[in-house]
Each structure stands twice: as structure tokens, then as C-alpha cells.
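To find a chain, count down the sequence lines: A is the first, B the second, and so on, and within it residues start at 1.
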Amino acid sequence: MKGCISPSVHLSELQQIHTHYLFIIMLKGLQSCWDSDGAIDMGCRVTKSNQLQLKACDPAMRAALLIQRWYRQYAARLEMRRRCTWNIFQSIEYSGQQDHIKLYNFFGYLMDHFTSASSQRNLVSQMFRESDMFQDVEWERQFCYKDIEVPDVYGGPHLSFPLTVSIVTELVDAFKNKQKLHARYVLQLLGKTWTLLRLMPNISHVCSCKHTEITICGDLHGHLEDLLLVFYKNGFPSAETPYVFNGDFVDRGKESMEILLVLFAFLLLYPLDVHLNRGNHEDHIVNLRYGFTKEVLGKYPVHGKMILKLLQKIFSCLPLATVIDQKVLILHGGISDKTDLNLIAKLDRRRFVSALRPLTRREADGDDEDVSAGRRRVQSLTHGLTGQSRQELPRHSELHSGSGLTGRSRQELHSGSGLTGRSRQELHSGSGLTGRSRQELHSGSGLTGRSVDEELRERRRLAGLSLSSDSQLGSAEVLESDAEEWKQIVDVLWSDPMSQNGCVPNEVRGGGCYWGPDVTQEVLDRHKLKLLIRSHECKQEGYEFCHNGRVLTIFSASNYYDVGSNRGAYIRLGPDLIPHFKQFQASRSTRELTLRQSVGRTERSALQALRMQLFTHTSALIREFQEYDPQCTGVISVKHWAEAVEKVLRLSLPWRVLRAQLVTSTRDGTLNYQHWLNQLSVIQTHTEIANTSLLETLYKHHSNLESIFRMIDTDHSGLISLEEFHQTWRLLSSHLQTVISDEAIAELADSIDFNKDGSIDINEFMEAFRLVEQCRGVGEDEPAPQ
Amino acid sequence: MADKYNAETIITETQKRISNAFDVFDHESNKTVDVREIGTIIRSLGCFPSEAELHDVIAELEEEEPTGFVRYEKFLPTVTKILLERKFRPIPEDLLLQAFEVLDQQKRGHLEPEELTKYLTQEGEPFTQEEMDEMLSAAVDPDKNVILYKDFISFYWQDGHPEKQTKWSSNNRVDEMGSSDTQTAVAGTSGAAIT
């Protein structure tokens, strides 16, 4: 990401002379503008190295030169716009991931702050209900597909096991034709996949044979078209064409389910030649937020819940890494300075269900507590407890924690703030608490007068102590090793490389690290590896080297942000272990667009995303604008506008350039900011929700709200009760320290219950927050942006 | 004639533009850009250099020992000068029209795609196939399969509003299922992409 550079022109004496010099040049420039005859400018200018052009007196050649010169400038301008658009998307994507941290913190807050007496307890326990109660055998019974009938009218593909090449090929064709696989076959396929995956080690070791090349794909994110494109160019997986798929198969794109089914089908067909690595999106809580859960429930209304449950198991069974010839390491996110493949190889990866859930102890460990009550030890995730040093970020990170995290220092974020080591039993019943913990609970309900942060900090500290004194838990070493294993996995799935040396927490993502070239060298050398191939980050060309060529990012979802935003790529790796790339771009939509149009389209959608960001910060923006407008004239200069926007949004973007696109009515370099904010966007609502600041707050947190709602809605009906809505909001707002009265919430809840049946349709509620792009008819004659 | 005060403002504004454009390509936020992007940056600032002229500028901007990167400290003064002295001025619309008319020897008012391709990929500072394809996709009228250069020029002149629909909207850029099929073999340490 860029820092915003503005060379300040302090007029020291030396600079005054320099300025004067430039001034002269400028005058000469103006002068020659008036003097020269345009015709001479056709490229026949005599300069030192323009021999070519000197000879070019042939008119056709002169004409060609002119046209080429013109067109190249035009293409460069497009490229610049495309690059800016790209930066916008990246900034917003990463800042959006701050939401993840907020969600995480919110869960921690919930664990700490509810009281056993309140009805909110049920809500919270509902959200965290551990359903890993059964043994695998029992789960298999649950997931049984045998009773599901496939009706005669079903026109989709049929599966029979064991799979054959022709069956799988037909499945792929069916998906190409937009057919859907029946739930019975889905469960059957997934069940077999689960059985197979359970047998696999955490790290797959692959040997490249003398004559085969291994194909490695990166993130697919539900872009079935891209997967099909890869198969089209490269061939289906087979013994001669082995593949590694490096995680993030789901979320964002609309065909995540189909991608999984295809990948699993090939896995079952060629278990030795198809290798799947887990990505950070193979995580059911992440899926709540980024669309996969919604997709499955939409496609499979009756059996979706079961499918999701089974997928949850499958995801945790996915291997974490693949190693080729003991020289090339392939994993989804990256590494940290603490990465230890030996440790990773030994841990029980199935315990790691989600990055947002703590590790659970296995039932078999002689736990004498009542299983059905779902009592679990909640282990502490806070690596900070073990005294990890907290460094300031060496790199200039413009992406600060989002505005929802009031007063929280970076260190808090790093320590994985949230889930403290409190045993589950405390969450359920008032009894069985150690005297100390009960005290903490009661004193936690805001009576101590401490700020939320202090409370959390204190509890975490106390939790560390109380754990070690809790005899039921066993020794504190269990906690240590769990935290260590946790970190190993989170680092592998979530980290990103950086150009500076060192290893620092990845605050943008809220998990994993940023690691530097020195760490790459140390870790790869330590393991006697040559190259690290990872994914996790979108790259404009589909791939990118860094760290002196020892780290390679591969990304296979083209048009990730929008049509035309980027290419996808995949790698072919032969026995020489030198990567060869193939790039592609799914072009069913791009085919219709010229370069200019696809750039324009992507740009428009980036700008729309930006407008939404601006809208969510309306109040903060007004406050900032007013700083520049002490007399409350309602008008500020464009320069101040840019400064204010940058300060509030904390997105380092070329605001001065973007200004022309975002502010359509300026006069003499000033604008009316209130008018502009009003014009910015309109929330489409079915009912009149008069309380606009409430609306703004709701919108700001709507993605997290959605995740939370879906967690509450455990039967996946798409409905939550008014009471649940109310409670959720109350909890969230107190966590965020926003002031919203109970009446306002009740009123809002009521107005959203459109059919007045006491329950809120989550989808309808979320629809309410679709922003409508305002017509920009006003500023059509604005000069083109630079 | 601009007075001293306004000149300073212009100079400052110019330098800000330059620094903004530079930043877009400064991927590691360390005040350097890949030398291969210099052309794009300078052109996006409104300059119309020929390839040969660009070559000269790059030679000026490179280090004595070329590193493949250009530093901002060198970039700023050089490009400021270029912009202020309006070194690579835009091509006037009528001149561009003249150029097309020169190529249209039969004075039909249009050009065949093959003709234009021949000129632009063989004469002057030849286009790559990719550049030619891109231009054709924008320029060729899909119904008549010719380049109506007058309309093309006047439409693309300002290029302020890409969302305006045009009749050049439904060209097939590539006919296979995929698109540009670029193969790059890369040895262990040399990166094709920007590090």
C-alpha cells in the first residue's frame, strides 16, 4: 500500500532559486507552445537519438508514428486508471478485514461480559454451542444420505460409487450447464471425501516423477469458470496430470459448492495425484460472512444445514501443506519465524475447526464432565499471555484498526484479544463456578467503572492465573502447547509476506503474521527447502515473486474484484522444480468489453465501494469538515476535503485524483460538504427509518451483524426472533460503546419485522442496506480526471 | 503572463501530480518504481513521447549501474522539468485526423483492419500484437468491420466518460474460451513480476 507522499515545498533559499529556475522553464514551455507549428510536431523533430524519425519523411511512416504515439499515451492513461482502481479495491478489502477483528473481539466480549442471570446468556450459549458432541461414527449416521430420495423428475447429474472418469467428466459438464447436484449425491460424495481425508497426514509429501509436471492452483473463491478454464488449458487431474489446489475454494464467488464437489470428485478418483491444502476460507465462521453459507442454504434449503455441518468436518480435515520433492513447500497463507513443519506434522489438525473458535479438548481425554451439557474448556488463544514481545510495525501501515475499536491499542489486537481461558461450565449454569470466577463475572457487568478495554485486559490476566489454579484443567503446559499449535496453524493459513525484514503480527487480517525475507531464508533453510509457494493474496497478473524469488504467490481467481481487475494464473512444476506460469482471464463477460470499457466498469464498481465507505463514516466526516469550517459556512476547499477524507477513512488513496469522480459539483475549488454527503448515497429501505444516525451505525456493522445473525439462526431458517435481534443489538452496541436507546432499537426491530409475525427475515434485513448509486447527472461537464 | 505567486502554485501542483502518479506504481512504498513502468507514468501525466524519446528519458533516469528501478529523487526533478517545459506535447485532434487520412489513400473515409494493422505493426515504432489487438477492439465498427476513423477519433478524444455506450461495444476480443495466453518461463531467482 502506498503512503501518501506530498513533497512539501518549504521555500528555503535554495528552493527559491530552484523554483525560479523551474519558473523559467515553465515560461519557455509556454512560449514554445505558442510558437511552434503543430505540423512540425509530427515526429520529425531532430533530437540526438531520433535518427529514425529524421529518416521518416515518408508520410505513411510519419502518420503511423503519430498514431502510435497517440495510442500509447491513451493506453497508458487506461493503465493508470486500472492501477488506481486496483489500489482502491485492495485498500477496501484489507480494511474490510478489520471487521473480522471486530467480530472476533465481539465474541471475546460476549464471553466475558454476559451475566448468568441475564437472558442474554442463552443467546450467547446458543451462538457458541459446541456440536462436536458425537463420535465420528455417530456423525456418519447423522450425515446419512440413504434416506434421501432422488425424484424421477430430477434432471441433474447422477453419481454412483466408486467414481469413474466418465462419471466425473459428466459431473463437470453438468455444472458447466448450470445444473445442480442433488443433495443425496452431495452428502454421499462429501461423506466419502471426509472418510478419505481423515486418513491423510497434515502435510502431504509428493514426489515428482521423471516425466510428470505438477500443476499448482491458487485461490478459486467460487469462480467455477476459472477452474474450468484451467482444466480446459491444462487437462483434467489424472495420474499424468497431478494437481495441488492451494486453498480458498469457497466464498465470494457464486459457485463455491460446485468447485468443492468437482475438487472432491477428482480427489476421490485420484487420491494420490490430487492434493488439497486448507485455506483460511475453509472455515465455517468465515463462510458466514463471505457468502458460502448463504450459497449452500440457498441451493439446498432442506439439506443445507447438514451439508454445512459435514463441510465443517471436512474443512478441519483438509491437509495444511504439501511438500514436493522435499524442496518446494506449498501452503495457503505463509509462515512466521516460529513455523515448524515437524510440529505441524504432529498436531491434531482436526481440533482446529475455525480461526474464530478456540481449540477444544477431545472427549477421549478422560474428561469426566457431562458430555451432553456441552461443557468444554475454552482455551486461551492469547499468545500474548506467554510473553511474546510486541513490536511496533516497522512498515508504514496505513491500515489502522477500524473505527469500531475504540481506544484499543495495536497490542491488544495482536494478543488475539477475546477468548479467555474460561471453562464452558461457567457459561451455562450458575453452579459449579469457582468462587473467584463467579466474582469476576458479576463484577464485570459494568459496575466497576472500568472501561471495556481495561475490563478485558484484567480478565485476560486473571484468566491466565485462574487457569493454572484450576485443577480440572490439568497443568498449564496443556495450554501452552495448544496455543503454540494454534499459532502454527493460524500463521500457515493467514500470513502475508512483507518486504522488510522481521516478523510482526498481521493486524490487517487479524491473524497470522507479516513475515520478511530474512524469515523466509531462515525457515526455508532450516527445513532444507528451496521455494515457498503460497496464495492468499490477489495479484494483478495472477502470480508474483518476492523475497528474492524464494516466495511465489499464485492466485487463480481472475476478475476477482470485478470484471477486468486481474488475471488468474497457475504453475507447472517439473522435476527441475522451476516454475512455469500460465495466465488466463475468464472472459465470458470480458469478451464483450473493450479494454476501455472493462477498465471503466471496474472503476465504477471501485468507486461505488468507495462511496459506501464514505457513507459509513458520515458523522466522522462532518466533524472533520467542520474543523476546516469554523464559521459553519457549509463550504470547504477541495484541498481540505481531501485531507479530511484521508484522515477519516484512513485509506491511503490518491484522493485529489479521485475527487473528480466522487465530488461532482465544485465551484472555484470549493464544495458544499453537507450537500455532497446527502447526495452521496441513499439507503434503500422498505419503511421509513427516520433515525439516520442509527441507520448509519447499523450499516457500518452490517456485515458483522449478518454473521452474528446467521450464527444465532442455528436452524438456518433465515429468521431470528425480535427478541434475539434486540438482544444482539444491545450486546453489540454496548461492546462498541455506541449510545442507542432501547426504544430506538425496539422501534427499528419492529419496523423491520415486515409481516409482523414476531420474527425478522435476515435476508430482507440485509437487503435494506443495499446502497443505491445516485445519478451523477449534475457533474457531467466536469473536466476529465487526470 | 503568470506571476511569481501563481508560478509557485503551478509548480507545486505539478509536483504533487507527479508524486501521486509515482505512488501508484511504488509497490513497496520505498520511493522506487520499476523502470518498465516509467512510460506509463509519464504518459499518464499527459505527455506524448515517442518510444525513442521515452528511451532517452529512461536513460536519464536510470542509475549509473542500472538496478531496474528508478528512484523518486531522480524522477521528480526530471519529470517536473518535462512537464513544465511541456516537452512532449499532446497531438492536436486535427493532426491525428490528418494522419489517418494519409493512410487512407483511396479517401474512402474508413480503413480496413488489415490495412491499419499492416501500417501500425510494420511502420514507425511498431505495435506489438497485443497493442494492435487492443486498438482494433476499440476501433473496429462491428457491423461494417472497418475503422471509421473520424468517429473513432472524436469519440476517444476526451475519454472522460467510459460508461457512455458506443457502437464499438460488442467486439470479440479473443475467440477461444480463455484470453491472452502468456507463457513465461522463469528461472529460480529472476522474477518476471515486480518484487
**Student:** Of all residues at least two apart in sequence or in a different chain, which pass the ring pair (Phe, Tyr, Trp, His ring centres under 6.0 Å) check with A:Tyr570?
**Tutor:** none
**Student:** As a quick check of understanding, evaluate ring-ring contact (aromatic ring centres under 6.0 Å, His included) for A:Tyr71 and A:Tyr74, giving each step before the final call.
**Tutor:** CA-CA 5 Å; A:Tyr71 185 78; A:Tyr74 167 72; 5.7 Å; yes
**Student:** With chain A as the partner chain, list the residues of residues 113-122 of chain B whose heavy atoms fall under 4.5 Å from it, by residue number, and write 'none' if nothing qualifies.
**Tutor:** B:Tyr119, B:Leu120
**Student:** Check ring pair (Phe, Tyr, Trp, His ring centres under 6.0 Å) between A:Phe231 and all other residues, then give those that pass, not counting sequence neighbours.
**Tutor:** A:Phe236, A:Tyr243, A:Phe266
**Student:** Just jot down the side-chain contact (heavy atoms from CB on, under 4.5 Å) partners of B:Lys150, sequence neighbours excluded, or say none.
**Tutor:** B:Leu97
**Student:** Can you tell if the side chain of A:Gln68 reaches within under 4.5 Å of the side chain of B:Glu51, non-hydrogen atoms only?
**Tutor:** no
**Student:** Can you say whether B:Pro49 sits under 4.5 Å from chain A via the side chain, the backbone, both, or neither, judging by heavy atoms?
**Tutor:** backbone
**Student:** Taking B:Glu13 first and then B:Arg17, would you say they form a salt bridge - that is, a charged N and a carboxylate O separated by under 4.0 Å?
**Tutor:** no
